[in-house]
J.: 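I have a structure here, written as structure tokens, and I will follow up with some questions on it.
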Amino acid sequence: MPFKINIFIFFSTILFLNNSFANEIYVICSNLKNDWKWLNKGNVKIDGNLKTKYLTQSLYFNYFILNGGIETYKNLKNRCFDEFKTEYVYPQPLNKYSNKWIPFAESDEILFPGIISYTDHNFQLRVYYRNSKNKFT
């Protein structure tokens, strides 16, 4: 019996630790032509949570909910503008291990402007997303 309890405690701890820490991701500045540059030469990381939204059973996209929400997004947008002026104005998260474009988000319902890669089993489509209610576009 003690063995089962120890196994349960071990796996519970692993599960807790995996869900306790925010993900950390690099930041790029992009434009509408799928071009991008590293913010501060790739030295900017931001905390938040990487999420996936399924539109159908096989069609989905990823997004990154920022810790700090819209204030963090405004700060990143200003930093992109300060570094690149009007050429690369959209801050976006970049996963170094994937070629998918993902937008920043304030919540599961509010995405910030940027390029999104919609992925299915056989294809990947990139589109520019702009929330018409968002004044930070």
J.: Considering non-hydrogen atoms only, spot the tightest contact between Ser30 and Trp101 and give its length.
T.: CB-CZ3, 3.6 Å
J.: Between Glu83 and Lys41, what is the shortest heavy-atom contact and its length?
T.: OE2-N, 4.2 Å
J.: Before giving the answer on side chain to side chain contact (heavy atoms under 4.5 Å, CB included), spell out for Ile25 and Ile102 the whole-Å C-alpha distance, their side-chain angles and the decisive distance to 0.1 Å.
T.: CA-CA 11 Å; Ile25 203 156; Ile102 57 178; 4.0 Å; yes
J.: Leu55, Tyr63: one ILVMFWY side-chain cluster at the under-4.5 Å cut-off?
T.: yes
J.: Is the cationic atom of Lys85 (NZ for Lys, CZ for Arg) positioned less than 6.0 Å from the six-membered ring centroid of Phe81 and within 45 degrees of its normal?
T.: yes
J.: Can you check whether Lys100's main-chain N or O pairs, donor with acceptor, with Ser117's side chain at less than 3.5 Å?
T.: no
J.: Answer yes or no: is there a side-chain heavy-atom contact under 4.5 Å between Val89 and Phe84?
T.: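 No, too far: nothing below the 4.5 Å cut-off.
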J.: Does the side chain to side chain contact (heavy atoms under 4.5 Å, CB included) test come out yes or no for Tyr88 and Ile28, once each step is laid out?
T.: CA-CA 9 Å; Tyr88 299 95; Ile28 60 170; over 6 Å; no
J.: To the nearest 0.5 angstrom, please state how far the CG atom of Asn99 sits from the OG1 atom of Thr119.
T.: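 Asn99 CG to Thr119 OG1: 8.0 Å, rounded to 0.5 Å.
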J.: Apply side chain to side chain contact (heavy atoms under 4.5 Å, CB included) to residues Ile46 and Leu66 and explain how you reach the verdict.
T.: CA-CA 8 Å; Ile46 206 82; Leu66 287 166; 3.9 Å; yes
J.: Taking Asn62's backbone N and O only, do any of them form a donor-acceptor pair with Thr52's side chain (distance below 3.5 Å, no angle check)?
T.: no
J.: Identify the heavy atoms of Pro91 and Leu76 that sit nearest to each other, and give their distance.
T.: CB-CB, 3.7 Å
J.: For a 4.5 angstrom cut-off between non-hydrogen side-chain atoms, does Trp36 reach Gln92?
T.: no
J.: Using a 3.5 Å distance criterion without hydrogens, assess whether the side chain of Glu106 forms a donor-acceptor pair with backbone atoms of Leu111.
T.: no
J.: Does Lys51 pair with Asp108 as a salt bridge, N-O distance under 4.0 Å?
T.: yes
J.: Counting neighbours of NZ on Lys33 that are heavy atoms of other residues, nucleotides or ligands and sit closer than 6.0 Å, is the number greater than 12?
T.: no
J.: So which atom in Leu39 and which in Cys29 form the shortest heavy-atom distance, rounded to 0.1 Å?
T.: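 Closest heavy-atom pair between Leu39 and Cys29: CD1-SG, 3.7 Å.
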J.: Is there a side-chain contact between Ile115 and Asn34 (heavy atoms, below 4.5 Å)?
T.: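 They are in side-chain contact.
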J.: Is the gap between the ring centers of Phe104 and Phe112 under 6.0 Å?
T.: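 No, the ring of Phe104 stays outside the 6.0 Å limit from the ring of Phe112, centre to centre.
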J.: With clusters defined by side-chain heavy atoms of hydrophobic residues (ILVMFWY) lying less than 4.5 Å apart, directly or transitively, does Tyr26 cluster with Leu50?
T.: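 Unlinked, Leu50 and Tyr26 end up in two clusters.
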J.: Backbone N or O of Asp35 within a donor-acceptor pair of the Asn31 side chain at under 3.5 Å?
T.: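 It does hold such a pair.
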J.: Mind checking whether Tyr118 and Tyr60 sit in one hydrophobic cluster, side chains of I, L, V, M, F, W, Y counted as touching below 4.5 Å?
T.: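 In one cluster with Tyr118: Tyr60, no.
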J.: Under 3.5 Å, is there a donor-acceptor pair between the side chain of Asn43 and the main chain of Asn40?
T.: yes
J.: Considering the options Val27, Leu94, Val44, which one meets the side-chain contact (heavy atoms from CB on, under 4.5 Å) requirement together with Trp38?
T.: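 Result for side-chain contact (heavy atoms from CB on, under 4.5 Å) with Trp38: Leu94.
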